[in-house]
There are 2 protein chains.
Amino acid sequence: MKKATPRKPAHTVTTKDIADRTGLSKMTVSRVLNNHQYVSEETRRKVMAAVRELGFTPNTLAKRFFTGKTRLLGVVIPLEYMFSSYYFKELFQGVLECAEEHGYDMLLNDSTSKRMPPLEKCRGLVKGKLVEGLLLAAPMTYDDYPLVLTKEAVPLVVTGETACGEKVNRVGISNRECARDAVLRLAKLGHRRIGVLTFDEKHQESQERLAGYKEGLEAAGLPAAADLIVPAHYSRREAFAEAQRLLKAHPDVTAIFALNEGMAVGAADGLCSMGLNIPGDISLVSFDDSAEIENYDPPISAIRQFPHKIGHSACKMLIGILEGEARPRKPLSLMIDTQFMERSSMALASTKRGRR
Amino acid sequence: MKKATPRKPAHTVTTKDIADRTGLSKMTVSRVLNNHQYVSEETRRKVMAAVRELGFTPNTLAKRFFTGKTRLLGVVIPLEYMFSSYYFKELFQGVLECAEEHGYDMLLNDSTSKRMPPLEKCRGLVKGKLVEGLLLAAPMTYDDYPLVLTKEAVPLVVTGETACGEKVNRVGISNRECARDAVLRLAKLGHRRIGVLTFDEKHQESQERLAGYKEGLEAAGLPAAADLIVPAHYSRREAFAEAQRLLKAHPDVTAIFALNEGMAVGAADGLCSMGLNIPGDISLVSFDDSAEIENYDPPISAIRQFPHKIGHSACKMLIGILEGEARPRKPLSLMIDTQFMERSSMALASTKRGRR
DNA sequence: TTGTAGGCGTTATCAC
DNA sequence: GTGATAACGCCTACAA
């Protein structure tokens with residue numbers, strides 16, 4: 001009569017206790033708890049009464065363990081680069097909402113943690129059967145771990161751009177098309193020399209947006225303009241200085257396209273403090289919206305994403321993969337719509353400065 | 001010969017398989033895997049070889065289930081009010097770092113979710129034995145659920161201020177003292193009429209900071225100034241307008257203390273666009289720091305928190321409670337230091353405007 | 001409609 | 001050093 005009982009904090013109320021109390025079997029109790037059919041009303045009442053009296057709560061872990069379905073998903077975010085609070089806030093809301101709707105819980109992980117590389121961490125989580133699948137939020141370009149995991153048959157969905165080509169399941173926006181569209185809008189207003197503030201050539205998102213910028217120029221019949229492509233590394237501060245430098249070096253520039261929201265604000269500040277007027281002297285467009293962008297003086301035109309929808313859709317896609325009979329043969333890809341927020345930072349190209 | 005096997009996806013490699021393969025028992029395998037003492041080198045090698053060959057990974061869930069320790073913690077955040085990205089970013093980093101150090105994982109939850117009230121959700125998580133304890137990040141004032149849970153003996157730690165008095169375990173900063181100190185600094189520069197932008201009277205954090213402001217005035221021998229207390233509801237926009245209104249109504253005001261960072265920027269913008277000079281005409285101090293505050297022209301003095309440390313400490317406190325023999329009798333309380341970042345937005349009180 | 005048996009993958013206990 | 005056994009709390013399968 002040796003017991004392997006590990007460590008009982010006090011006494012955990014189990015279905016057994018309910019069974020003893022009511023004189024029924026554990027099974028009948030379980031049936032009541034899970035709303036099975038074929039349970040007499042009498043029995044149901046007795047069980048529920050005992051549940052209340054003893055303060056019983058089913059052990060989620062035990063259940064999940066038995067069924068082999070943990071209903072746990074890993075969500076991995078690059079905390080270190082979590083700049084845009086509105087984006088991640090809404091992304092989270094979408095993810096959590098969807099998870100709740102489907103009875104899943106989310107395990108939080110940081111892909112930029114110094115302690116453990118994300119590949120190892122993720123692999124451990126999945127292989128150890130703690131989580132059923134992974135949601136990777138906006139991995140950095142040089143991250144190829146989503147692809148490695150996909151090859152190992154780990155169910156996962158990536159939000160945002162990846163460096164993994166079309167080989168992983170993905171939910172995001174058409175960065176390239178959005179950028180292209182923005183440039184075309186500027187071109188229609190008569191802008192022929194359009195500067196662009198980029199952030200990092202190695203970053204996939206940046207690459208896509210920049211490619212869209214180039215496509216836009218071409219579609220508008222404007223010449224490529226390598227000299228107007230200015231890296232400002234995600235930095236508001238750099239954008240401030242770089243925008244000024246750009247306009248001094250190229251007085252014919254009449255519009256600036258900032259590939260993220262921080263750089264847009266930085267550029268706007270820089271231009272204003274040079275004494276330039278937006279949009280009188282120069283037009284400005286931001287990729288990504290924010291409260292600051294919207295409330296700037298003047299309000300800045302922006303490409304707005306709907307991160308809530310991205311998060312919700314990504315989570316739903318993951319759950320679909322997990323609960324679907326078969327894994328999809330080809331990687332799934334879903335593009336979420338964006339909206340161009342036309343505000344007063346855009347106007348017809350000014351010729352005053354350009355001709356000097 | 002009836003089996004209760006629920007649903008085997010394919011074939012899960014278990015310790016049993018390793019045991020069969022090596023001709024050893026499950027127990028010995030387990031001992032090797034957990035680096036127990038009393039295992040011969042020979043045996044260890046054989047087991048490890050089989051582990052590699054069969055691609056075995058221990059089932060984390062089963063282990064946690066058996067031991068009754070899920071090593072899962074619930075982290076609850078008010079996503080809807082997650083304004084300041086730097087604060088939560090660093091808080092998360094601290095929490096995750098600490099959790100990783102101690103072998104815990106974090107389950108993410110949103111206390112502002114419309115789908116389920118946080119009390120129910122938290123209770124379900126803990127009573128269902130899915131998580132061992134809770135980390136509640138900056139609950140709103142009117143949230144008394146931390147107290148309810150504490151009374152139900154749920155292990156939890158709150159970061160930030162709470163409406164629960166001293167009755168819950170807590171890690172935060174001394175909002176009151178920090179505000180008091182800031183006001184005293186302004187008073188020492190000769191400021192006698194100091195306006196304050198608050199956010200929400202029902203919000204505990206706001207209350208504490210405001211109380212500190214009042215204490216500061218008193219300690220400096222300045223009269224209470226109910227007419228200088230202006231609500232701007234966390235809003236940058238409102239702060240813009242309210243700061244202007246305040247200065248028009250009270251030309252003798254020479255300093256403004258904004259109780260959060262967003263309002264500080266809004267106020268600064270508002271003052272500048274009135275043609276006022278900071279700090280020439282008016283001094284400005286922000287509660288909470290940010291990149292924008294630091295890079296503003298002029299850089300704005302701010303009370304800087306260390307959210308990473310708050311998060312790390314809170315997580316450590318929770319783990320301490322969980323792993324400590326007995327629950328603490330009195331609620332724990334830990335205050336994390338802050339730092340006053342003295343920047344050029346503060347100067348000696350100007351008399352030019354005050355006398356009109 | 002309810003009960004019995006068995007097992008999910010692991011580890012604690014005790015015996016050898 | 002190693003192995004047999006039981007048990008964690010629950011649920012599927014089958015029998016009654």
Side-chain angles (χ1 to χ4, degrees), chain A residues 1-20 22-47 51 54 56-71 127-130 132, chain B residues 1-47 51 54-71 127-130 132:
Chain A
M1 218 135 306
K2 36 241 155 132
K3 285 188 182 175
T5 310
R7 222 179 307 117
K8 270 196 189 172
H11 177 68
T12 315
V13 184
T14 73
T15 45
K16 176 99 174 37
D17 296 310
I18 307 291
D20 292 349
T22 54
L24 294 161
S25 74
K26 285 196 295 178
M27 266 330 299
T28 307
V29 174
S30 168
R31 276 189 270 257
V32 172
L33 264 30
N34 294 291
N35 288 312
H36 257 265
Q37 47 186 350
Y38 307 134
V39 190
S40 74
E41 201 40 51
E42 166 78 11
T43 303
R44 162 163 277 115
R45 280 198 309 96
K46 273 204 289 189
V47 169
V51 164
L54 300 180
F56 168 80
T57 317
N59 185 320
T60 323
L61 196 60
K63 177 174 183 166
R64 295 181 178 190
F65 165 53
F66 179 80
T67 55
K69 297 277 162 199
T70 65
R71 296 197 88 78
K127 302 286 177 186
K129 300 231 161 46
L130 189 54
E132 297 184 47
Chain B
M1 214 133 313
K2 35 235 156 145
K3 283 188 180 175
T5 312
R7 225 179 306 117
K8 270 196 187 171
H11 177 69
T12 315
V13 183
T14 74
T15 45
K16 175 95 173 39
D17 295 310
I18 308 293
D20 292 350
R21 174 76 160 228
T22 54
L24 295 161
S25 73
K26 286 196 294 179
M27 256 336 290
T28 307
V29 174
S30 169
R31 274 190 271 255
V32 172
L33 263 32
N34 293 289
N35 288 312
H36 259 266
Q37 48 186 349
Y38 306 135
V39 191
S40 74
E41 202 40 51
E42 166 78 9
T43 303
R44 162 164 277 113
R45 278 198 308 97
K46 271 203 287 189
V47 170
V51 163
L54 299 180
F56 167 81
T57 318
N59 184 321
T60 322
L61 195 61
K63 175 176 183 163
R64 294 182 178 188
F65 166 55
F66 179 81
T67 55
K69 298 275 163 199
T70 66
R71 297 196 88 81
K127 302 287 177 186
K129 300 229 162 50
L130 188 54
E132 296 185 50

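In what follows, chains carry the letters A, B, and so on, assigned in the order in which the sequence lines appear, proteins first and then strands, with residues in each chain numbered from 1. Small disclaimer: the values here were computed from a predicted structure and weren't measured. No hydrogens, no waters, no symmetry mates; every other heavy atom, side chains included, goes into these values.
For the pair Phe65(A)/Thr70(A), no side-chain contact is recorded, criterion being any heavy-atom separation below 4.5 Å from C-beta on. Counting heavy atoms from C-beta on, the side chains of Leu24(B) and Arg31(B) never come closer than 4.5 Å.
For Thr43(A) (side chain) and Val39(A) (main-chain N/O), no donor-acceptor pair under 3.5 Å exists by modelled atom type. The backbone N or O of Lys26(B) lies less than 3.5 Å from no partner atom in the side chain of Ser30(B), so there is not a single donor-acceptor pair.
Across the protein-nucleic acid pair, Phe65(B) atom CZ and dC8(C) atom C1' stand 9 Å apart, rounded to whole Å. One interatomic measurement links the two molecules: NE2 of His36(A) to C1' of dA13(D), which rounds to 12 Å at whole-angstrom precision. Computed from coordinates, the Lys26(B) NZ to dT10(C) C1' distance equals 7 Å when rounded to whole Å. Distance CZ (Phe66(B)) to C1' (dA6(D)): 9 Å, rounded to an integer number of Å. One atom, CZ of Phe56(A), and another, P of dG9(D), lie 10 Å apart when rounded to the nearest Å. Regarding Arg71(B), its CZ atom lies at a distance of 17 Å from the P atom of dT10(C), rounded to whole Å. Following rounding to the nearest Å, Asp20(B) (CG) and dG3(D) (P) show an atom-to-atom distance of 12 Å. For Leu130(B) and dG9(D), the CG to C1' distance is 14 Å, given to the nearest whole Å.
Between dA4(D), dT10(C), dC11(D), one nucleotide has an atom nearer to the side chain of Ser25(B) than all others, and that is dA4(D). Closest to the Val39(A) side chain, of the nucleotides dG9(C), dT2(C), dT2(D), is dT2(C). Side-chain proximity of Met27(B) to dC10(D), dT1(C), dT5(D): nearest is dT5(D). Picking from dG3(D), dT2(C), dC11(D) the nucleotide with the shortest atom distance to the side chain of Lys63(A) gives dC11(D). Among the nucleotides dG9(D), dT11(C), dC11(D), the one closest to any side-chain atom of Ser30(B) is dT11(C). Here dT2(C) is the nucleotide among dT2(C), dT10(C), dC10(D) with the atom lying nearest to any side-chain atom of Thr28(A).
In this structure, Leu24(B) reaches the sugar-phosphate backbone alone: every heavy-atom distance under 4.0 Å involves primed, P, OP1 or OP2 atoms, never a base. Counting any heavy atom pair closer than 4.0 Å across all strands shown, Lys129(A) reaches no nucleic acid atom. Residue Lys16(B) is out of contact with every strand shown, counting any heavy-atom pair closer than 4.0 Å.
Of the N and O atoms on the side chains of Lys127(A) and Asn59(B), not one donor lies less than 3.5 Å from an acceptor on the other residue.
Considering only side-chain N and O atoms, Ser40(B) lies under 4.0 angstrom from the phosphate OP1 or OP2 of dT2(D). Taking side-chain N and O atoms only, Asn59(A) has no distance below 4.0 Å to OP1 or OP2 of dC8(D). An OP1 or OP2 oxygen of dT10(C) is reached within less than 4.0 angstrom by a side-chain nitrogen or oxygen of Thr15(B). Side-chain N/O atoms of Thr43(B) include none lying less than 4.0 angstrom from OP1 or OP2 on dG1(D).
Between Asp17(B) and Arg21(B), no side-chain nitrogen of the basic residue sits less than 4.0 Å from a carboxylate oxygen of the acidic one, so the salt-bridge criterion is not met.
Each of Val29(A) and Arg31(B) has a nearest nucleotide on DNA chain C; the 5'-most of these lies closest to Val29(A).
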